[in-house]
Every structure is written in C-alpha cells, then in structure tokens.
Amino acid sequence: MHRIEKIVRGLNIAPGIFSGSILDDNCVITGHNYRRHFSQLKYLDEGAEIIFISCSDINYYYEIAYTEVLQPSQIEEMCSGD
C-alpha cells in the first residue's frame with residue numbers, strides 16, 4: 001500500500017502527522033473535518049493557543065496564525081507553508 005493511501009485510511013480513525021516534525025516546527029497534521037477531529041478549529045481566532053499532546057505525554061504549545069481548509073488533492077499546498 002502506498003504511503004499516502006495508508007495515511008488517508010488512518011485519518012478515518014484519528015488525525016496524524018503527514019510530514020515534518022513537532023520538534024522542527026514544520027509539522028503538518030492532517031485529519032478529516034469530523035466533530036472529534038478538526039471541526040472546532042473554525043471557531044478559533046488568530047492568537048488562540050492550542051496544545052498538542054504527544055504519545056509520550058509531552059505538551060507542545062502553539063498559537064493560531066491562520067486556518068485554511070484544503071482539499072485532499074492539495075498535497076503540495078499542505079507542505080508549502082504559504
């Protein structure tokens with residue numbers, strides 16, 4: 001199975017890291033717009049704080065700069081940082 005196909009199938013269960021790393025500040029997290037995944041992001045304002053909790057129970061704090069909804073076919077845009 002191709003890497004992208006595995007990621008897409010996994011997104012039915014939970015969001016996942018598509019590329020990059022939280023340690024390098026270039027992490028791209030993808031997931032469906034399900035109620036339990038990302039549907040609440042649309043209610044966050046710029047400057048709002050979010051916390052990513054790793055599997056090792058380490059908290060990583062981020063601030064919302066902007067949000068953008070991309071289509072599954074927009075893979076290059078997910079990683080461009082623009």
**Q.** Whichever hydrophobic residues join Tyr61 through chains of side-chain contacts under 4.5 Å
**A.** Ile51, Ile53
(Q) Taking side chain to side chain contact (heavy atoms under 4.5 Å, CB included) as the definition, give me every residue that meets it alongside Ile64, ordered by chain and number, with sequence neighbours left out. (A) Leu44, Ala48, Ile50, Thr67
Q: Mind checking side chain to side chain contact (heavy atoms under 4.5 Å, CB included) for Glu46 and listing every partner two or more places apart, or none if nothing turns up?
A: none
Q. Listed by chain and number, what are the side chain to side chain contact (heavy atoms under 4.5 Å, CB included) partners of Asp24, not counting sequence neighbours?
A. Ser21, Asn26
Q.
As a quick check of understanding, evaluate side chain to side chain contact (heavy atoms under 4.5 Å, CB included) for Tyr60 and Leu23, giving each step before the final call.
A. CA-CA 9 Å; Tyr60 294 90; Leu23 302 176; 3.5 Å; yes
